[in-house]
Asks: 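My questions all concern the structure below.
The sequence lines fix the lettering, A, B, ..., with proteins before strands; numbering per chain opens at 1. Computed from a predicted structure; not experimentally measured.
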Amino acid sequence: MRLSHLFFATLRDDPTEAEMPSHRLLLRAGYVRQLGSGIYSLLPLGKKVSDRVEQVIREEQDRIGGQEMEMPVVHPADIWRASGRYDAIGPELGRFKDRNGRDMVLAMTHEEVVGILLADIVKSYRQLPMQVYHFQTKWRDEPRARGGLIRVREFVMKDAYSCDLDQAGLDASYDAQHGAYVRTFERLGLDTVAVASDVGIMGGSQAHEFMFLNPAGEDVLVLCEACGYAANRQVAAVPRPDPTPEEPLPLEEVATPGTTTIASLAEFLGVGPERTAKAAFFMTGDARLVTAIVRGDHEVNETKLGNAVKAIGGMRPATVDEIKAAGMEPGYGSPMGARDTVVAVDDLVARSANLVAGANREGFHYRNVNSGRDYTPDVTADITNAQEGDACPVCGKPVILRNGIEVGNIFKLGTKFTDAAGATYLGEDGQAHPIVMGSYGIGVGRNVACIVEAHHDDKGIVWPAEVAPYAAHLVSIGGAKDPRVTEIAERLHALAQDAGPRHEILWDDRDESPGVKFTDAELLGMPWILTVSPRSLAAGGVEVTERATGDRSTRPLEEVEALVANGFPTGP
RNA sequence: CGGGGAGUGGCGUAGUUGGCAACGCACGUGCUUUGGGAGCACGAGAUCGUGGGUUCGAGUCCCACCUCCCCGACCA
């Protein structure tokens with residue numbers, strides 16, 4: 001490809017809206033352009049990288065027997081009603097009417113369609129197990145897009161669906177996908193860790209997220225370096241030892257003016273935060289006020305809390321008015337004397353005696369509050385976040401906390417969607433059985449962004465060879481002075497073209513100064529930079545520079561021709 | 001949706017007490033230049049996010065709205 005004809009433009013200045021390196025570099029180097037919040041065009045370079053990433057995913061899916069297909073972006077709303085998700089999912093599901101006034105949906109995932117296809121096509125146990133996948137555009141009207149390609153509203157996802165006879169079959173498919181994901185991310189140059197995760201809107205019994213460790217990650221991971229335990233903090237259950245036992249003491253009201261935070265309360269009373277209980281208030285999607293009680297030295301984990309109280313339609317922080325309507329005082333709140341609220345108590349609080357808790361009266365707290373005696377929990381469960389240094393639930397060593405970006409996930413779905421679609425098979429026993437499904441997603445664009453996060457330096461992108469849009473970047477200098485330069489560049493360019501798509505190189509044939517060309521070559525990030533100039537010819541050939549290391553050497557023309565035709569060495 | 005910030009040629013910005021919209025880069029033409037973001041000359045390009053209002057006069061002041069970014073509640 002000749003750079004003079006490439007539909008792209010590099011930017012000298014950083015766009016102000018781009019904060020993450022991947023966002024900044026993909027914009028500056030001309031891989032993507034933004035159309036709206038969370039909506040991006042892939043320019044030719046970006047499309048090439050995306051295709052290369054897809055190809056890696058495709059090869060690993062095919063390796064475990066996945067069959068590529070393609071399902072529609074637009075679905076009749078009825079199939080989402082049948083699965084219950086039309087109502088269960090909020091505004092992130094895109095909805096519209098067609099010209100006949102029928103409700104339609106922009107797909108955010110494809111379990112419903114797979115279920116319907118299974119009901120149509122699979123009749124016998126002989127047709128299973130089976131896996132299908134596709135690369136398809138998803139629309140998810142996220143509350144907030146961020147980080148360029150990291151979190152967008154429209155994106156291409158590889159979603160795969162395993163279809164098995166029974167739970168044991170699902171377990172095997174799940175393990176196969178797990179292995180495929182490990183190989184996929186390794187080939188993409190992404191260090192990932194698979195963490196146990198919440199099942200969320202998918203339902204089902206087990207799920208893992210593949211996390212790329214990055215400080216800008218939106219998820220917090222609980223990791224044990226000693227034994228390899230890894231879980232999303234949303235679900236990480238770390239054991240908390242029993243507090244020292246004490247006899248319950250009589251309740252005692254104390255004036256604590258101006259102590260609306262645990263820090264100020266603990267300081268005022270001269271006790272540690274672990275001697276206090278704090279209340280947090282949430283309103284569920286099904287309009288229940290939840291009062292969550294955790295110890296002052298912990299924080300509420302909304303995922304655990306939502307699961308514990310079986311919140312339908314999610315949860316949001318409650319408003320001051322909602323809290324007061326239940327008879328509680330924000331800042332001095334506790335379940336004592338409260339009405340019309342679901343009281344969820346952390347099991348550590350339930351085991352801790354004589355805590356300080358709010359008196360539901362401004363400026364007052366109670367000492368010696370005991371769960372069960374002074375108020376009655378509706379639910380007692382682990383509803384707090386794991387913290388750095390907590391004991392690993394497997395080996396007991398201290399855990400560490402890290403941020404991660406979810407680059408893929410795997411879910412054991414079960415029969416939720418096949419039940420909704422009536423997808424059954426006739427078993428050897430002559431009876432109808434529901435098909436057991438799993439679902440497996442990888443966001444292509446997010447992976448592109450994460451690869452840049454992992455592979456860049458202060459000059460630009462450094463693509464791993466596996467996903468680079470071109471095998472090499474050819475810089476020709478001084479063609480006007482020495483006709484051999486253009487001649488050789490033409491020859492290398494043609495040679496690469498004939499060698500096939502994976503060997504294609506990008507030739508900067510523009511009439512630009514050497515500085516501009518070198519700078520752009522480093523910004524664009526092809527793994528190899530070839531320089532042909534009167535100087536390189538005088539030195540005996542073509543200069544070959546490895547982008548990642550900066551190692552450069554001048555090689556005889558024949559040697560460079562062989563590299564271009566047969567492939568460059570892959571990294572160390 | 002809550003909090004914070006920003007909208008001025010393609011990109012990055014300046015714009016004073018309200019008084020001719022400016023600068024760098026990029027872009028076009030010509031000449032020079034060619035191993036690390038070249039030089040000179042000429043040139044094109046903006047209804048200053050939108051709609052109201054105040055005023056002789058609004059990029060600037062007031063009101064409303066829209067969009068985008070960042071931090072929180074959701075997910076690949």
Asks: Take Gly445(A) and Ala480(A), find for each the nucleotide of RNA chain B with the closest heavy atom, and name the residue whose nucleotide sits nearer the 5' end.
Replies: Ala480(A)
Asks: Does Gln177(A) reach the side chain of Tyr133(A), with side-chain heavy atoms less than 4.5 Å apart?
Replies: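 No; the side chains remain at least 4.5 Å from each other.
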Asks: Just checking, any donor-acceptor pair under 3.5 angstrom between side chains of Arg52(A) and Gln55(A)?
Replies: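 Judged by distance alone, the side chains do not pair up.
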Asks: Can you measure Arg510(A) atom CZ to rG28(B) atom P for me and round it to whole angstrom units?
Replies: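 To the nearest whole Å, that distance equals 12 Å.
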Asks: Just to be sure I understand the rule, does Pro15(A) reach a base, reach only the sugar-phosphate, or reach nothing, if contact means heavy atoms closer than 4.0 Å?
Replies: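 Pro15(A): backbone/sugar contact only, no base atoms under 4.0 Å.
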Asks: I'd like to check Phe135(A) versus Glu70(A) (side-chain heavy atoms, cut-off strictly below 4.5 Å). Are they in contact?
Replies: no
Asks: I need the CD1-C1' distance between Ile89(A) and rA76(B), as an integer number of Å.
Replies: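 In whole Å, rA76(B) C1' and Ile89(A) CD1 are 14 Å from each other.
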Asks: Which whole number of Å gives the distance between the C1' atom of rU29(B) and that of rA22(B)?
Replies: 24 Å
Asks: With rounding to whole Å, what would you report as the distance between rC62(B) and rG24(B) at their P atoms?
Replies: 32 Å
Asks: Who does rU60(B) pair with, Watson-Crick or G-U, both distances under 3.5 Å?
Replies: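 For rU60(B), the partner nucleotide comes out as none, under the 3.5 Å rule.
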Asks: Report yes if a donor N or O on one partner sits less than 3.5 Å from an acceptor N or O on the other, where the partners are the side chain of Asp14(A) and the base of rC11(B); otherwise report no.
Replies: no
Asks: Could you measure between the two P atoms, the one in rA14(B) and the one in rA58(B), and give it in whole Å?
Replies: 24 Å
Asks: Say you pick atom P in rA41(B) and the same atom in rC25(B); how far apart are they, in whole Å?
Replies: 12 Å
Asks: For Asp457(A), which residues count as a salt bridge (Lys or Arg N to Asp or Glu O under 4.0 Å) partner, sequence neighbours excluded?
Replies: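 With sequence neighbours excluded, Asp457(A) shows a salt bridge (Lys or Arg N to Asp or Glu O under 4.0 Å) to Arg547(A), given in chain and number order.
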Asks: Checking only heavy atoms, does the side chain of Arg552(A) share a donor-acceptor pair with the base of rG36(B) at less than 3.5 Å?
Replies: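 Checked by distance alone, the answer is yes.
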Asks: Considering only rG37(B), rA76(B), rG35(B), which nucleotide approaches the side chain of Val152(A) most closely?
Replies: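 Output: rA76(B).
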Asks: Is there a residue in residues 2-13 of chain A whose heavy atoms reach under 4.0 Å of RNA chain B, and which residues are they?
Replies: Arg12(A), Asp13(A)
Asks: Is the closest side-chain donor-acceptor distance between Glu60(A) and Thr184(A) under 3.5 Å?
Replies: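 Not at all, the side chains of Glu60(A) and Thr184(A) share no donor-acceptor pair under 3.5 Å.
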Asks: Give me, pair by pair, the N or O atoms of the protein and of nucleotides 67-70 of chain B that are less than 3.5 Å apart, along with how far apart they are.
Replies:
{"from": "rC68(B)", "atom 1": "OP1", "to": "Ser37(A)", "atom 2": "N", "distance (Å)": "2.9"}
{"from": "rC68(B)", "atom 1": "O3'", "to": "Gln34(A)", "atom 2": "NE2", "distance (Å)": "3.3"}
{"from": "rC69(B)", "atom 1": "OP1", "to": "Gln34(A)", "atom 2": "NE2", "distance (Å)": "2.8"}
{"from": "rC69(B)", "atom 1": "OP2", "to": "Ser37(A)", "atom 2": "OG", "distance (Å)": "2.8"}
{"from": "rC70(B)", "atom 1": "OP1", "to": "Gly147(A)", "atom 2": "N", "distance (Å)": "3.1"}

Asks: Between Asp520(A) (CG) and rC11(B) (C1'), how many Å, whole number?
Replies: 14 Å
Asks: Side chains of Leu524(A) and Tyr31(A): closer than 4.5 Å at any heavy-atom pair?
Replies: yes
Asks: Can you tell if the side chain of Ser173(A) reaches within under 4.5 Å of the side chain of Gln131(A), non-hydrogen atoms only?
Replies: yes
Asks: Do you know the tightest heavy-atom contact between Val485(A) and Leu537(A)?
Replies: CG2-CD1, 4.1 Å
Asks: Any N or O donor-acceptor pair under 3.5 Å from the base of rG37(B) to the side chain of Glu512(A)?
Replies: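 No, the side chain and the base share no sub-3.5 Å donor-acceptor pair.
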Asks: May I ask you to test the Val105(A)-Trp139(A) pair for a side-chain heavy-atom distance under 4.5 Å?
Replies: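 No, too far: nothing below the 4.5 Å cut-off.
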Asks: Checking base pairs now: Watson-Crick or wobble, both atom distances under 3.5 Å. What partners rC75(B)?
Replies: none
Asks: Does rA44(B) pair with anything, Watson-Crick or G-U wobble, both distances under 3.5 Å, and if so, with which nucleotide?
Replies: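 rA44(B) is unpaired by these criteria.
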Asks: At under 4.0 Å between heavy atoms, what does Gly515(A) touch on the DNA or RNA strands: base, sugar-phosphate, or nothing?
Replies: sugar-phosphate
Asks: Counting C-beta onward and ignoring hydrogens, is there a side-chain heavy-atom pair between Val452(A) and Met20(A) closer than 4.5 Å?
Replies: no
Asks: Can you tell me the pairing partner of rC65(B) across any strand shown, Watson-Crick or G-U wobble, with both distances under 3.5 angstrom?
Replies: rG49(B)
Asks: Would you classify Glu522(A) as touching base, sugar-phosphate or nothing, given that sugar-phosphate means primed atoms plus P, OP1 and OP2, and contacts are heavy atoms under 4.0 Å?
Replies: base
Asks: State the pairing partner of rU17(B); accept Watson-Crick or G-U wobble contacts with both distances under 3.5 Å, and report none otherwise.
Replies: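 The answer is none; no pair meets the criterion.
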Asks: For Arg151(A) and rA73(B), what is the distance between atoms CZ and P respectively, to the nearest whole Å?
Replies: 11 Å
Asks: Are His134(A) and Asp159(A) close enough that a side-chain donor and a side-chain acceptor fall under 3.5 Å?
Replies: yes
Asks: Tell me the interatomic distance from Leu523(A), atom CG, to rG37(B), atom P, rounded to whole angstroms.
Replies: 15 Å
Asks: Take atom C1' in rC71(B) and the same atom in rU33(B), then report the distance between them in whole Å.
Replies: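 About 49 Å, rounded to a whole number of Å.
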Asks: With no hydrogens and no angle check, just 3.5 Å: does a side-chain donor-acceptor pair link Lys138(A) and His110(A)?
Replies: yes
Asks: Is there a side-chain polar atom (N or O) of Ser513(A) under 4.0 Å from OP1 or OP2 of rA38(B)?
Replies: yes
Asks: Determine the interatomic distance between C1' on rG18(B) and the same-named atom on rU54(B); round to the nearest Å.
Replies: 11 Å
Asks: Could you give the distance separating rG37(B) and rA26(B) at their P atoms, to the nearest angstrom?
Replies: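 rA26(B) and rG37(B) have their P atoms separated by 12 Å.
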Asks: Write down the distance between CZ (Arg33(A)) and C1' (rG10(B)), rounded to a whole number of angstrom.
Replies: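 Going from Arg33(A) (CZ) to rG10(B) (C1'), I get 9 Å.
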Asks: Look at the side chain of Arg28(A) and the base of rG10(B), then say whether one donor and one acceptor between them are separated by less than 3.5 Å.
Replies: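 Answer is no: no donor-acceptor pair is held.
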Asks: Distance between the P atoms of rC23(B) and rC42(B), in whole angstroms?
Replies: 13 Å
Asks: Please state how far atom CZ in Arg140(A) lies from atom C1' in rA76(B), giving the value in whole angstrom units.
Replies: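 Spelled out: CZ on Arg140(A) to C1' on rA76(B) is 6 Å.
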Asks: With a 3.5 angstrom cut-off on both distances, give the Watson-Crick or G-U wobble partner of rG37(B), or none if there isn't one.
Replies: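 rG37(B) is paired with nothing.
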Asks: Rounded to whole angstrom units, what separation is found between the CZ atom of Arg85(A) and the C1' atom of rC74(B)?
Replies: 15 Å
Asks: For Phe518(A) and rG37(B), is the gap between ring centres under 5.5 Å while the planes differ by less than 30°?
Replies: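 Aromatic stack with rG37(B) absent for Phe518(A).
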